[in-house]
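These numbers come from the heavy atoms of this one structure, side chains and all, not from hydrogens, waters or symmetry mates. Values in this document were obtained by computation on a predicted structure and should not be read as measured data.
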Amino acid sequence: MTIQTNATIQPPAADTAARAQEIRRRLPGQARRQRLDTARLEYGPLYSLAEIQQRVAQTLHQKVGFIRRAVFEPIESYQGPIPAEALLKYDAAVQSGLFSAFSVVTPAYFSQKQVDPWIVAQVDGAELYAVIAQWDAAEELGR
């Protein structure tokens, strides 16, 4: 009778996946990639700062002699009313741990802020942004 002494025990696939996930979280490049993939899955396309500025500015109608732009403001210092639905989306994004900074971006003609702010968030460790919420500020003021 021969006894096999070199038998290897394969860990269950779930343990292997969980362990790989834990290792991935400790590696900055892998963690960044995972945050980007998760942010895209949950919030849609990610944009560069220039793309966000352009997309927000393009929500305004073109006016001769007026420059369309986007004004960024940290969400903590934004003083306009933020609707409850947008606040809930913001809170969910904070809880996700995917983002390092949040801003309210308002379309403007040169320096005159207009309506329809956006909440955008910078993906932690990346120069890419997700759109978290948009709302019509004129509706909020009319309530």
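- Note on Val123: it does not cluster hydrophobically with Val120, by side-chain heavy-atom contacts below 4.5 Å among ILVMFWY residues.
- For Glu76, the side chain to side chain donor-acceptor pair (under 3.5 Å) criterion is met by no residue, not counting sequence neighbours.
- For the atom pair CD1 of Ile119 and CZ of Phe102, the computed distance is 8.5 Å after rounding to the nearest 0.5 Å.
- Side-chain atoms of Ser103 and Tyr129, non-hydrogen and from C-beta on, never get closer than 4.5 Å to each other.
- Between atom CD of residue Gln134 and atom CG of residue Asp116 there is a gap of 8.0 Å, rounded to the nearest 0.5 Å.
- In terms of the side chain to side chain contact (heavy atoms under 4.5 Å, CB included) criterion, residue partners of Ala57 (sequence neighbours excluded) are, by chain and number, Arg68.
- The ring-ring contact (aromatic ring centres under 6.0 Å, His included) analysis of residues 13-42, with sequence neighbours excluded, yields no pairs.
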For residues 26-39, run the donor-acceptor check on the side chains, cut-off 3.5 Å, and write out each pair with its distance to 0.1 Å, sequence neighbours left out.
residue: Gln30; atom: OE1; partner: Arg24; partner atom: NE; Å: 3.3
residue: Arg32; atom: NE; partner: Gly125; partner atom: O; Å: 2.9
residue: Arg35; atom: NE; partner: Asp124; partner atom: O; Å: 2.9
residue: Arg35; atom: NH2; partner: Asp124; partner atom: O; Å: 3.0
residue: Thr38; atom: OG1; partner: Gln34; partner atom: O; Å: 2.8

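- In this structure, Arg40 CZ and Leu46 CG are separated by 4.5 Å, a value rounded to the nearest 0.5 Å.
- In this structure, the side chain to side chain contact (heavy atoms under 4.5 Å, CB included) partners of Leu87, at least two apart in sequence or on a different chain, are Ile82.
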Distance-only check: which donor-acceptor pairs under 3.5 Å involve side-chain atoms of residues 90-100, not counting sequence neighbours?
residue: Ser96; atom: OG; partner: Ala93; partner atom: O; Å: 2.6
residue: Ser96; atom: OG; partner: Leu98; partner atom: N; Å: 3.2

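- A single hydrophobic cluster is not seen to contain both Leu128 and Val105; linkage of ILVMFWY side chains at heavy-atom distances under 4.5 Å, directly or through other members, places them apart.
- Hydrophobic clustering (side-chain heavy atoms under 4.5 Å, transitive across Ile, Leu, Val, Met, Phe, Trp, Tyr) keeps Val104 apart from Ile52.
- Scanning for salt bridge (Lys or Arg N to Asp or Glu O under 4.0 Å) contacts around Glu22 gives Arg25, with sequence neighbours left out.
- Not counting sequence neighbours, Phe72 has no partner by the ring-ring contact (aromatic ring centres under 6.0 Å, His included) test.
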Using a 3.5 Å cut-off and no angle test, enumerate the donor-acceptor pairs between side-chain atoms of residues 58-65 and protein atoms at least two apart in sequence or in another chain.
residue: Thr59; atom: OG1; partner: Val56; partner atom: O; Å: 2.6

